[in-house]
Amino acid sequence: QLQLVESGGGLVQPGGSLRLSCAASGFTLEHSAIGWFRQAPGKEREGVSYISSNSRSIKYSDSVKGRFTISRDNAKNTVFLQMNSLKPEDTAVYYCAAADADFVLRVLSRDEYAYWGQGTRVTVSS
């Protein structure tokens with residue numbers, strides 16, 4: 001069974017950090033581009049970050065650029081999202097998604113990704 005599982009979410013104060021993980025089971029991520037998305041209450045799901053299968057292409061949305069870092073460890077079949085300097089507006093459920101390709105063109109578009117995890121909740125509040 002193909003599955004993506006996110007972990008690492010939680011409650012953090014503004015200015016704090018969290019590291020999200022996205023682990024795959026039932027398939028290898030080695031040849032999959034990965035996207036991180038988030039969905040805040042009452043808002044549409046938006047793309048946050050992207051990494052190609054070989055890590056040579058990395059993209060961020062303007063809202064997180066300079067604060068978030070995406071990385072991957074193909075040997076561990078896991079992708080990470082390091083989130084620093086968190087703000088209340090970063091509060092959302094965060095999802096990872098895998099594409100059936102080493103890279104995609106519309107890197108922050110949901111339509112490019114075939115497999116989705118169930119999400120992990122991040123709350124930034126004092």
Side-chain angles (χ1 to χ4, degrees):
Q1 181 179 2
L2 306 180
Q3 194 173 15
L4 291 172
V5 179
E6 303 92 339
S7 62
L11 173 64
V12 63
Q13 292 186 342
S17 299
L18 284 174
R19 188 192 197 204
L20 306 184
S21 298
C22 171
S25 62
F27 70 111
T28 176
L29 294 179
E30 185 178 5
H31 294 293
S32 293
I34 302 295
W36 280 98
F37 292 77
R38 67 185 182 186
Q39 188 165 18
K43 295 187 177 181
E44 291 193 357
R45 194 171 299 187
E46 62 169 348
V48 171
S49 187
Y50 160 87
I51 187 167
S52 61
S53 64
N54 60 10
S55 301
R56 290 180 180 175
S57 178
I58 289 175
K59 304 292 183 184
Y60 301 97
S61 67
D62 288 342
S63 60
V64 307
K65 197 174 298 181
R67 300 186 297 121
F68 290 13
T69 303
I70 192 171
S71 62
R72 64 190 298 157
D73 185 338
N74 287 342
K76 295 183 178 180
N77 222 22
T78 304
V79 178
F80 306 97
L81 186 68
Q82 177 67 43
M83 307 188 297
N84 298 329
S85 302
L86 283 162
K87 304 175 181 180
E89 50 263 44
D90 295 317
T91 295
V93 178
Y94 283 72
Y95 301 87
C96 65
D100 277 328
D102 290 288
F103 68 93
V104 298
L105 296 179
R106 298 174 297 159
V107 300
L108 298 182
S109 170
R110 292 176 291 177
D111 294 342
E112 295 279 31
Y113 300 91
Y115 309 103
W116 290 80
Q118 292 301 305
T120 184
R121 185 174 302 274
V122 172
T123 303
V124 184
S125 174
S126 54

What are the two closest heavy atoms between [X] and [Y], and how far apart are they?
X   : Y   : result
R72 : S53 : NH1-CA, 3.3 Å
D90 : S85 : OD2-O, 4.4 Å
S21 : W36 : O-CH2, 3.7 Å
G26 : L2  : O-CD2, 3.1 Å

I'd like to know if the side chain of [X] and the backbone of [Y] have a donor-acceptor N/O pair within less than 3.5 Å.
X   : Y    : result
Y50 : V104 : yes
N77 : S25  : no
D73 : T78  : no
S32 : A99  : yes
E6  : C96  : yes

May I ask whether [X] and [Y] are part of the same hydrophobic cluster, defined by side-chain heavy atoms of I, L, V, M, F, W, Y residues being less than 4.5 angstrom apart, directly or through others?
X    : Y   : value
L29  : F80 : no
I58  : L81 : yes
F103 : V79 : no
I34  : V64 : yes
Y95  : L4  : no

One pair to check against side chain to side chain contact (heavy atoms under 4.5 Å, CB included): T120 and S7. What are the steps and the verdict?
CA-CA 6 Å; T120 184; S7 62; 5.6 Å; no

In L20, V93, T91, the residue satisfying side chain to side chain contact (heavy atoms under 4.5 Å, CB included) with V122 is L20

From the list L18, I70, V124, V12, side chain to side chain contact (heavy atoms under 4.5 Å, CB included) partner of M83 resolves to L18

Residues that Y113 engages under ring pair (Phe, Tyr, Trp, His ring centres under 6.0 Å), provided they are two or more places apart
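Partners of Y113 by the ring pair (Phe, Tyr, Trp, His ring centres under 6.0 Å) criterion, ordered by chain and then number, come out as F37.
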
**Item:** K65/D62 under salt bridge (charged side-chain N to carboxylate O under 4.0 Å, His left out): CA gap, chis, key distance, verdict
**Value:** CA-CA 5 Å; K65 197 174 298 181; D62 288 342; 3.2 Å; yes

Can you measure from [atom1] ([X]) to [atom2] ([Y]) and round to the nearest 0.5 angstrom?
X    : Y    : atom1 : atom2 : value
D102 : S52  : CG    : OG    : 8.0 Å
E30  : N54  : CD    : CG    : 10.5 Å
Q3   : Q118 : CD    : CD    : 8.0 Å

Just wondering, more than 12 heavy atoms not from [X] lying within 6.0 Å of its [atom1]?
X   : atom1 : value
E44 : CD    : no
F27 : CZ    : yes
E46 : CD    : yes

One pair to check against side-chain hydrogen bond (donor to acceptor under 3.5 Å, both in side chains): S61 and S63. What are the steps and the verdict? CA-CA 5 Å; S61 67; S63 60; 3.0 Å; yes

| message | With a 4.5 Å cut-off on side-chain heavy atoms, are P88 and P14 touching? | response | yes

* Does a side-chain heavy-atom distance below 4.5 Å link V107 with Y60? ->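 With C-beta onward as the side chain, the pair stays apart.
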
Can you name the residues that form a side chain to side chain donor-acceptor pair (under 3.5 Å) with E112, not counting sequence neighbours?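 Scan of E112 (side chain to side chain donor-acceptor pair (under 3.5 Å), adjacent residues dropped) gives R106.
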
